[in-house]
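First the structure, in the form of structure tokens, and then the observations on it.
The chains referred to below are lettered A, B, ... by the order of the sequence lines, with proteins before strands, and numbering in each begins at 1. Keep in mind it's a predicted model, so treat the numbers as computed, not measured.
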Amino acid sequence: MSSPSIVWSDWQPLVLPEPLSPAVLTEVVDGGQTFRWNHSSDGIWQGVWADCVARLKPAVPDGLLWSAPPELAGMVANELPSYFGAGLRFDRLVDDLPWRSDPHLARCLKAFPGLRLLRQPLEETLLCFLCSSTKQIVQIKQMVELLAQRHGREIAPGIHRLPTWTELAAVSEEALRSCLLGFRARYVNQTAQILAANGDWFNRLEQLPYHEAKERLRELPGVGEKVADCVLLFGAGRLEAFPVDVWITKTMESRYALEGWTPQQIAHFGRVHFGASAGLAQQYLFAWERAQGRS
DNA sequence: TGGGAACCTTT
DNA sequence: AAGGTTCCC
């Protein structure tokens, strides 16, 4: 993953409003929100988003240091805090969740202190989650890495950003299939045709309130309820979005007695029960449920 | 409106 | 054998 020809800047602090332990950092960058961060060595993570490449290293006690190729360091210094949602006080948002009356939520919050939602570039968030259906994190990472290497611009030696939608519109469905997308290749291809023909599409999307933005996203081939909510939550800062996947379905059925509910009903319950930051609650429930599966 | 099919890798 | 879903009949 790391290229020997890359020079890295000196480590500098990333200032966040709340501490982030190494374990919770792992959950943030490799727990299903994003798919382009890889463990390089000794707890160092290397990631790519938009035109940025960075390394991240936990620092005692719960701080974070970053490094980037010198020619990108200015941009990364600017973009990294917003990517990590440094402008949001997640501790306050968490405190507003109904943990006082919801013991399961309280347990999840305690298990992953400082868990954050990333604020990712909207356009590539859509691409990643279009690739995500019935795939696990490792497989999604594999697909988007191939898309980047073969169709995205090189931003540092050996490191490529994800292709833009304009670039994707020129890639054949066949070439997308060879990036292991399978039936998702058609979704990406058709979506790219629509987006490339509407230069203003993402700007207009960001102006819309949550429900209308979700409807607009769902007009795109391959975007259903779950993918639309992931795109809005991780790429547009809509914290009320409550993506319901198999893990959340499992959690809500067993911990909230919602057996037999449809995913749509579960999503509605989630937004009502957890409130304005339902998506943040979702991330905690999701992390906790996955951790149960592993242990 | 519910269930099967859509790819292809990993388990 | 089934996977962190969508689409279509």
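For Phe234(A) and Val223(A), each mapped to the nucleotide of DNA chain C holding its nearest heavy atom, the one lying further toward the 5' end belongs to Phe234(A). Residues Gly222(A) and Phe286(A) both approach DNA chain C. Their nearest nucleotides, taken by heavy-atom distance, put Phe286(A) toward the 5′ side.
Counting any heavy atom pair closer than 4.0 Å across all strands shown, Leu220(A) reaches sugar-phosphate atoms only and no base atom. Val227(A) comes within contact range of the sugar-phosphate backbone alone, with a heavy-atom separation under 4.0 Å but no base atom that close. Among the atoms of the strands shown, only primed sugar atoms or phosphate atoms (P, OP1, OP2) are found under 4.0 Å from some heavy atom of Pro221(A). Contact annotation for Gly32(A): base contact, defined as any heavy-atom pair under 4.0 Å involving a base atom. Residue Lys226(A) is classed as a sugar-phosphate contact, given heavy-atom separations below 4.0 Å to backbone atoms only.
Look at Gln142(A) and you'll find a side-chain N or O under 4.0 angstrom from OP1 or OP2 of dT10(B). For dA6(B), the OP1/OP2 oxygens have no side-chain nitrogen or oxygen of Arg184(A) closer than 4.0 Å.
We find that Asp30(A) and Lys141(A) are joined by a salt bridge, their nearest charged nitrogen and carboxylate oxygen being less than 4.0 Å apart.
Arg184(A) and Thr134(A) are linked by a side-chain donor-acceptor pair at a separation below 3.5 angstrom, with hydrogens and angles left out of the test. Judged purely by distance below 3.5 Å, without hydrogens or angles, the side chains of Gln149(A) and Glu145(A) pair a donor atom with an acceptor atom.
dA6(B) atom P lies 11 Å from atom CZ of Arg186(A), rounded to whole Å. Remark: P of dT6(C) and CG of Leu126(A) are 12 Å apart, rounded to the nearest angstrom. Remark: C1' of dC8(B) and CG of Leu146(A) are 13 Å apart, rounded to the nearest angstrom. In this structure, Glu173(A) places its CD atom 9 Å from P of dC7(B), rounding to the nearest Å. As rounded to whole Å, 14 Å separates atom P of dC7(B) from atom CG of Leu176(A). Between the CG atom of Leu217(A) and the C1' atom of dC7(C) there is a distance of 17 Å, rounded to whole Å. To the nearest angstrom, P of dA6(B) lies 19 Å from CG of Leu180(A). dG3(C) atom C1' lies 16 Å from atom CG of Leu181(A), rounded to whole Å.
With sequence neighbours excluded, no residue forms a salt bridge (charged side-chain N to carboxylate O under 4.0 Å, His left out) with Asp96(A).
Ring orientation note: the planes of Phe269(A) and Tyr256(A) are nearly perpendicular, at an angle over 60° on the 30°/60° scale.
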task = Let me see the working for Glu225(A) and Gln264(A) under side-chain hydrogen bond (donor to acceptor under 3.5 Å, both in side chains), right down to the final yes or no.
result = CA-CA 8 Å; Glu225(A) 286 276 332; Gln264(A) 210 166 16; 3.1 Å; yes
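Nucleotides dC9(C) and dC7(B) are separated by 15 Å at their P atoms, to the nearest Å. Spacing of C1' atoms, dA2(C) relative to dG4(B), comes out at 14 Å, to the nearest Å.
Ranking dA6(B), dC8(B), dC7(C) by closeness to the Lys135(A) side chain, first place goes to dC8(B). The nucleotide whose nearest atom lies closest to any side-chain atom of Gln139(A) is, among dT10(B), dC7(C), dC7(B), dT10(B).
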